[in-house]
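The structure appears below as structure tokens.
We count ligands from 1, going down the list as the structure has it; atoms in each ligand are counted the same way. Just so you know, these numbers use all the heavy atoms, side chains as well, and skip hydrogens, waters and symmetry mates. All residue numbers refer to positions in the sequence shown, counting from 1.
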Amino acid sequence: MPDVTDQIIERTPLVAGNWKMFKLRGEARAFAHALAAGLDQVDEVDLAICPPLTCLADVAAILAPLGVGVLAQTAHQAASGAFTGEVSMSMLVDAGATGVLLGHSERRALYGESDGALAEKVPAALAAGLEPILCVGESEAERDAGVTEERLAEQVRHGLAGVASSLASDVVIAYEPVWAIGTGRTATPAIAQAAHAHIRAVLEELFGAAADEMRILYGGSVKPANAAELFAGPDVDGALVGGASLAVGDLLAIAAGALAR
Ligand code: PEP
């Protein structure tokens, strides 16, 4: 019988592009066709796009059949109700989404997406059959105060409080230090790997062996020039990319960086 302690878990790298509030539908469709044409360059990497809601169905129609994830950038935890401006998980499924980004630092800071709400959103996404990417990350002040590990553990524990171990491997975590998002400042590979190893240790406390199957992405000013060195960390399983995901060539070049692992 094989010794399970000797098994090496291979996690397929995932590179997800968060378009934020950029691209009209025509631009989104053109991007999706161009990405479809380049997929064979990076067939050992999973790819996903998080388009604005207005383009989600268009992007999903082109890319989801090719195995590319199409994620909304947020969603409400309730199945339906009087929540003007919100959309539910089942509405996203209906529009063709395969997943949903949750807890992005811009949603947390600008729209009050709280750890309490995320504790409901992550299980609601899983129940609807969506792959959630839960974003966590410390602010610059928290890093300077030496409370990074505490803050990350708190966000992970809250966000995953309602997730059963049997479903844990369907959840992706994105470590996004707030000070590195959209600033051009990237965490060093050593800072990223240390944070990812800490997050995986917290996941092990919560889910035991399933933690080894969970993907932890790095996000924060990832570009073609720095992707490969960031992906070298053994606990860095891909990237959540903002600005550089708006150009299809850059997104493919970042994904190619994951092939060198
Ligand atoms: C993001 O929005 O999740 C992000 C990481 O942005 P950027 O790559 O532009 O820093």
Side-chain angles (χ1 to χ4, degrees), residues 13-23 27-28 31 35 45-53 55-56 59 68-75 97 99-113 118 121-122 125 131-140 142-143 148 151-152 155-156 159 171-189 191-193 195-196 199 215-231 233 235-258:
L14 169 63
V15 172
N18 173 18
W19 286 355
K20 311 192 187 202
M21 199 172 74
F22 292 99
K23 292 195 191 293
E27 296 166 321
F31 181 109
L35 184 63
V45 179
D46 287 346
L47 290 175
I49 300 293
C50 314
L53 269 186
C55 331
L56 190 141
V59 173
V68 176
V70 181
L71 284 72
Q73 297 174 12
T74 186
V100 60
L101 201 58
L102 293 171
H104 189 279
S105 66
E106 287 153 16
R107 299 297 314 172
R108 291 178 189 260
L110 303 173
Y111 305 103
E113 194 160 53
L118 290 163
K121 289 184 184 205
V122 177
E131 178 177 60
I133 299 184
L134 174 68
C135 304
V136 299
E138 80 287 1
S139 65
E140 186 157 34
E142 287 164 339
R143 176 157 287 273
T148 296
R151 184 69 190 117
L152 296 178
Q155 290 175 322
V156 169
V171 179
V172 175
I173 303 292
Y175 167 60
E176 298 209 299
V178 178
W179 46 270
I181 297 179
T183 59
R185 287 175 63 196
T186 314
T188 62
I191 287 178
Q193 168 53 27
H196 284 225
I199 290 169
R215 294 187 285 194
I216 307 174
L217 313 183
Y218 169 77
S221 300
V222 177
K223 307 213 166 353
N226 60 23
E229 62 182 26
L230 285 160
F231 294 150
D235 288 292
V236 180
D237 305 312
L240 179 57
V241 185
S245 74
L246 294 169
V248 71
D250 285 352
L251 188 67
L252 285 169
I254 288 169

- Just grab all the salt bridge (Lys or Arg N to Asp or Glu O under 4.0 Å) pairs involving residues 177-189, residues at least two apart or on different chains. Glu140-Arg185
- So, the side chain of Trp19 versus the backbone of Leu246: is there a donor-acceptor pair under 3.5 Å, distance only? no
- Message: Within this structure, what is the CG-CG distance for the pair Leu251 and Leu47, rounded to the nearest 0.5 Å?
- Response: 6.0 Å
- Message: For ligand 1, give me the residues whose heavy-atom distance to it is below 4.0 Å, by chain and number please.
- Response: Asn18, Lys20, His104, Glu176, Ala180, Ile181, Gly182, Gly219, Gly220, Ser221, Leu240, Val241, Gly242, Gly243
- Message: I'd like to check the ring pair (Phe, Tyr, Trp, His ring centres under 6.0 Å) partners of Trp179; sequence neighbours left out, ordered by chain and number.
- Response: none
- By side chain to side chain contact (heavy atoms under 4.5 Å, CB included), which residues pair with Ala180, not counting sequence neighbours? Pro177, Tyr218
- Message: For Asp235, run the side chain to side chain donor-acceptor pair (under 3.5 Å) check against Arg215, Gln193, His196 and tell me which one passes.
- Response: Gln193
